[in-house]
Structure formats: structure tokens, C-alpha cells
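One structure is given below, encoded as C-alpha cells.
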Amino acid sequence: MLSIGQLDRRIDIQSPTYTTNKYGEETKVYSSLKELWSHVVWKSSDRKEESQENVQGTDIVFYVRQIGFLPGIIVLLGKSRIEYNSNTYIIHGIKEIDGRDKFLEIETKLKDNN
């Protein structure tokens, strides 16, 4: 059971904005949609260590309190991302936990910058 007191990390949910440059090419720029308090759980990584170090390939689950606008993020599932601890995480799944309208579990993977 998750409690409000466990939401001790600040995350930034970002959504893309598309613009066209002077050559007619579409450019994607991310802007902050909402900053939220979150509980962070490291699920797995490419590195086989017992630490919670963020490494390439890390799967992280963010637990956030569900508030009114968050169902709109489900529509943006393939487009939104999370910024946390100077890293970018791509959202792979969202599900409700602890009953309706309580918390959301957001499954992510560390973005590969290579």
C-alpha cells in the first residue's frame, strides 16, 4: 500500500510540441506539462549490481498521486516523457493502483542517448 509520505522525489512530466522550421521540417520540442511528487522504484538495469544507480537500460517505475489532468497523459502515452535526476525516461505504460483515483504507476525506461 502506497502512502502520500512516500512521494519524496520531484519529477517533471513533459509533452512534445511540434513546430516547423524555415526549411519546412517538423521539429519536436518538449515542454514541461506538470511537476509532481513521486515515489521511485528501480526495477532492473543492464548492470547486475545491488545499487540503485541509474545506468543505460534502467527500468524505473514512478508512482504519483492521480489528479484531474493525469488521464490526459494516457492519451499522450507514446509521446510524453519524464525528466528525473537529470535523465530522460520514456513512458511505456500507465496503470491505476490502490483503487480508482488514488495513484498511478508509470513504467519507464531510461532514454538511450546514443
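What you see below is based on every heavy atom in this structure, not just the backbone, and it leaves out hydrogens, waters and symmetry mates.
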Notebook entry, point to check: Checking side-chain contact (heavy atoms from CB on, under 4.5 Å) for the pair Ile60/Val40: CA distance, chi angles, key distance, verdict?
Noted result: CA-CA 7 Å; Ile60 293 185; Val40 179; 3.6 Å; yes
Notebook entry, point to check: Cut-off 3.5 Å, side chains only: do Glu83 and Thr88 have a donor facing an acceptor?
Noted result: yes
Notebook entry, point to check: How long is the span from the CD1 atom in Ile91 to the CD atom in Glu107, to the nearest 0.5 Å?
Noted result: 11.0 Å
Note to self: Nearest 0.5 Å, please: how far is CD1 in Ile97 from CD in Glu105?
What the structure shows: 5.5 Å
Next item on the list: Report the C-alpha distance between Val61 and Thr108 in whole Å, list the side-chain angles of each, state the deciding distance to 0.1 Å, and finish with yes or no for side-chain contact (heavy atoms from CB on, under 4.5 Å).
Entry: CA-CA 6 Å; Val61 177; Thr108 66; over 6 Å; no
Next item on the list: Given side chain to side chain donor-acceptor pair (under 3.5 Å), test Glu26 with Tyr18 step by step and report yes or no.
Entry: CA-CA 6 Å; Glu26 193 173 76; Tyr18 297 93; over 6 Å; no
Notebook entry, point to check: Taking only residues two or more places apart in sequence or in another chain, which ones pass side-chain hydrogen bond (donor to acceptor under 3.5 Å, both in side chains) with Ser86?
Noted result: none
Check: Applying salt bridge (charged side-chain N to carboxylate O under 4.0 Å, His left out), which residue pairs with at least one partner in residues 5-18 are found, sequence neighbours left out?
Finding: Arg10-Glu35
Note to self: Any non-hydrogen side-chain atom of Arg81 less than 4.5 Å from a side-chain atom of Tyr30?
What the structure shows: yes
Notebook entry, point to check: Going by the angle between their ring planes, with limits at 30° and 60°, are Tyr84 and Phe62 parallel, tilted or perpendicular?
Noted result: perpendicular
Next item on the list: Report yes if some heavy atom in the side chain of Tyr89 is under 4.5 Å from a heavy atom in the side chain of Asn87; otherwise report no.
Entry: yes
Notebook entry, point to check: If you round to the nearest 0.5 Å, how far is CD of Gln6 from OG of Ser38?
Noted result: 11.0 Å
Check: Going by heavy atoms in the side chains, are Ile13 and Leu36 under 4.5 Å from each other?
Finding: yes
Item checked: Side chain to side chain, Ile106 and Val64, heavy atoms closer than 4.5 Å -> yes
Note to self: Using the rule given for side-chain contact (heavy atoms from CB on, under 4.5 Å), can you reason through Lys109 versus Asp59, listing the C-alpha separation, both sets of side-chain angles and the distance that settles it, and then say yes or no?
What the structure shows: CA-CA 5 Å; Lys109 189 164 198 85; Asp59 293 331; 2.9 Å; yes
Next item on the list: Taking salt bridge (charged side-chain N to carboxylate O under 4.0 Å, His left out) as the test, write out the residues that go with Lys22, two or more places apart.
Entry: none
Item checked: Distance in Å, Thr19 OG1 paired with Lys28 NZ, rounded so as to fall on 0.5 Å steps -> 12.0 Å
Notebook entry, point to check: How far does CG of Leu104 sit from CD of Glu96, to the nearest 0.5 angstrom?
Noted result: 6.0 Å
